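As the structure is a prediction and not an experimental result, all values here were calculated from the model.
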Amino acid sequence: VGCGADAAAIAMDKLTSKRTAAIAGLPTPDAVEVVAGRPIPLDPPFVVKPVDEGSSVGVRFVHDAAEAETAVAELRPRHRRLMAESFVPGRELTVGILGDRALPVIEIVPTTSFYDYEAKYLRDDTRYVVDPSLPEGVAASISRMSLDLHRAIGARHLSRVDWLLETSADDASSRAWFLEVNTMPGMTSHSLVPMAAAAIGIDFPTLCRTLVLGCRS
């Protein structure tokens with residue numbers, strides 16, 4: 001089950017997946033690789049993080065040059081490549097892909113300021129809202145764009161695409177920004193793809209059976 005090595009490599013490299021999204025016409029926050037000895041050419045606030053980590057490991061929010069220097073100094077010994085990405089405030093949304101269809105949108109609502117490793121795996125107060133209330137057209141738009149990205153990187157069988165939904169102060173306008181794609185998302189009974197599948201009547205055994213049988217074709 002799952003994609004081949006080429007698609008997995010694109011997805012695991014956040015800079016490459018963002019370039020792929022941009023080529024496909026999907027909005028994604030500006031990002032650059034952090035080069036030793038050079039200033040980061042982004043206006044704060046921005047996020048510094050490893051290029052090829054998951055589960056929000058090593059994510060640092062930066063508001064000025066001093067914080068950027070500290071973040072890079074902390075992360076560089078443990079991570080081969082770092083990136084900086086413009087910070088976009090907004091709602092955290094994710095779309096699972098099963099086969100060639102988008103599953104219902106899920107909104108992630110942590111009680112902390114950021115959906116970090118602890119909020120994902122250790123805390124019990126993170127809320128997951130399936131098919132949340134969104135501005136008109138947003139759910140359909142990010143579902144379509146998630147499928148576009150899934151296909152653009154050459155994924156197959158399943159994936160999960162993560163978004164931030166930025167809204168204006170008066171909620172009159174909104175824009176979804178692509179963050180990253182996971183080609184082998186969690187598959188426990190509490191994971192997001194099984195949660196979205198269950199919302200449309202695909203229970204966990206059926207989901208597993210669908211994936212296994214689909215891989216034979």
Minimum side-chain heavy-atom gap L207-L98 below 4.5 Å: yes
Check against side-chain hydrogen bond (donor to acceptor under 3.5 Å, both in side chains), T188 and S191: CA-CA 5 Å; T188 72; S191 299; 2.9 Å; yes
Joint cluster assignment, V35 & V32, ILVMFWY side-chain distance < 4.5 Å: no
Salt bridge (Lys or Arg N to Asp or Glu O under 4.0 Å) contacts touching residues 129-140 (sequence neighbours left out): none
Where A196 and P104 come nearest, the two heavy atoms and their spacing: O-CD, 3.5 Å
Distance (rounded to the nearest 0.5 Å) between K49 NZ and D52 CG: 12.0 Å
Under 4.5 Å side-chain linkage, directly or through intermediates, the cluster mates of I153: I10, L26, L93, V95, I97, V105, L134, V138, I142, M145, L147, L149, V161, W163, L165, F178, V181
Heavy-atom neighbours of E33 CD exceed 12 at 6.0 Å: yes
Backbone N/O of G137 and side chain of S141: donor-acceptor pair under 3.5 Å: no
Shortest non-hydrogen contact between A176 and P27, atoms and distance: O-CG, 3.1 Å
Heavy-atom closest contact (R76 atom, A36 atom, distance): NH2-N, 3.8 Å
Smallest separation among heavy atoms of T183 and A155, with atom names: CG2-CB, 4.5 Å
Summary of ring pair (Phe, Tyr, Trp, His ring centres under 6.0 Å) pairs that have at least one residue in residues 14-53, sequence neighbours excluded: none
Under 4.5 Å side-chain linkage, directly or through intermediates, the cluster mates of M83: L15, V51
Full working for side-chain contact (heavy atoms from CB on, under 4.5 Å) between R101 and I200: CA-CA 12 Å; R101 68 186 292 191; I200 56 172; 3.4 Å; yes
E69 side-chain N/O to A65 backbone N/O, donor-acceptor pair under 3.5 Å: no
Sequence-distant partners of S159, side-chain hydrogen bond (donor to acceptor under 3.5 Å, both in side chains), two or more places apart: H150
Partner residues of E107 under the salt bridge (Lys or Arg N to Asp or Glu O under 4.0 Å) criterion, sequence neighbours left out: R91
A152 to A24 - nearest heavy-atom pair and separation: CB-CB, 4.4 Å
Any L192 side-chain heavy atom under 4.5 Å of Y128 side chain: yes
Any side-chain heavy-atom pair of V109 and E92 under 4.5 Å: no
Residues that D30 engages under side chain to side chain contact (heavy atoms under 4.5 Å, CB included), provided they are two or more places apart: L42, S86
Salt bridge (Lys or Arg N to Asp or Glu O under 4.0 Å) against R144, all qualifying residues, sequence neighbours excluded: D148
Side chain to side chain donor-acceptor pair (under 3.5 Å) partners of residues 1-14, not counting sequence neighbours, each pair once: D13-T16, D13-R81
By side chain to side chain contact (heavy atoms under 4.5 Å, CB included) - contacts of L75 (at least two apart): V48, R60, R78, H79, L82
Closest non-hydrogen atom pair, A31 against K18: CB-CE, 3.3 Å
All side chain to side chain contact (heavy atoms under 4.5 Å, CB included) counterparts of P89, not counting sequence neighbours: F87, E166
R160 side-chain N/O to P185 backbone N/O, donor-acceptor pair under 3.5 Å: no
Separation between OG1 of T28 and CD of E85, rounded to the nearest 0.5 Å: 6.0 Å
Min side-chain heavy-atom separation C3-H157 under 4.5 Å: no
Sub-4.5 Å side-chain heavy-atom contact between N182 and M12: no
Heavy-atom side-chain proximity of V47 to V59 below 4.5 angstrom: yes
D64, CG atom: more than 12 neighbouring heavy atoms under 6.0 Å: yes
side-chain hydrogen bond (donor to acceptor under 3.5 Å, both in side chains) partners for R151, two or more places apart: D100
Same cluster (ILVMFWY, side-chain, under 4.5 Å), M195 and I108: yes
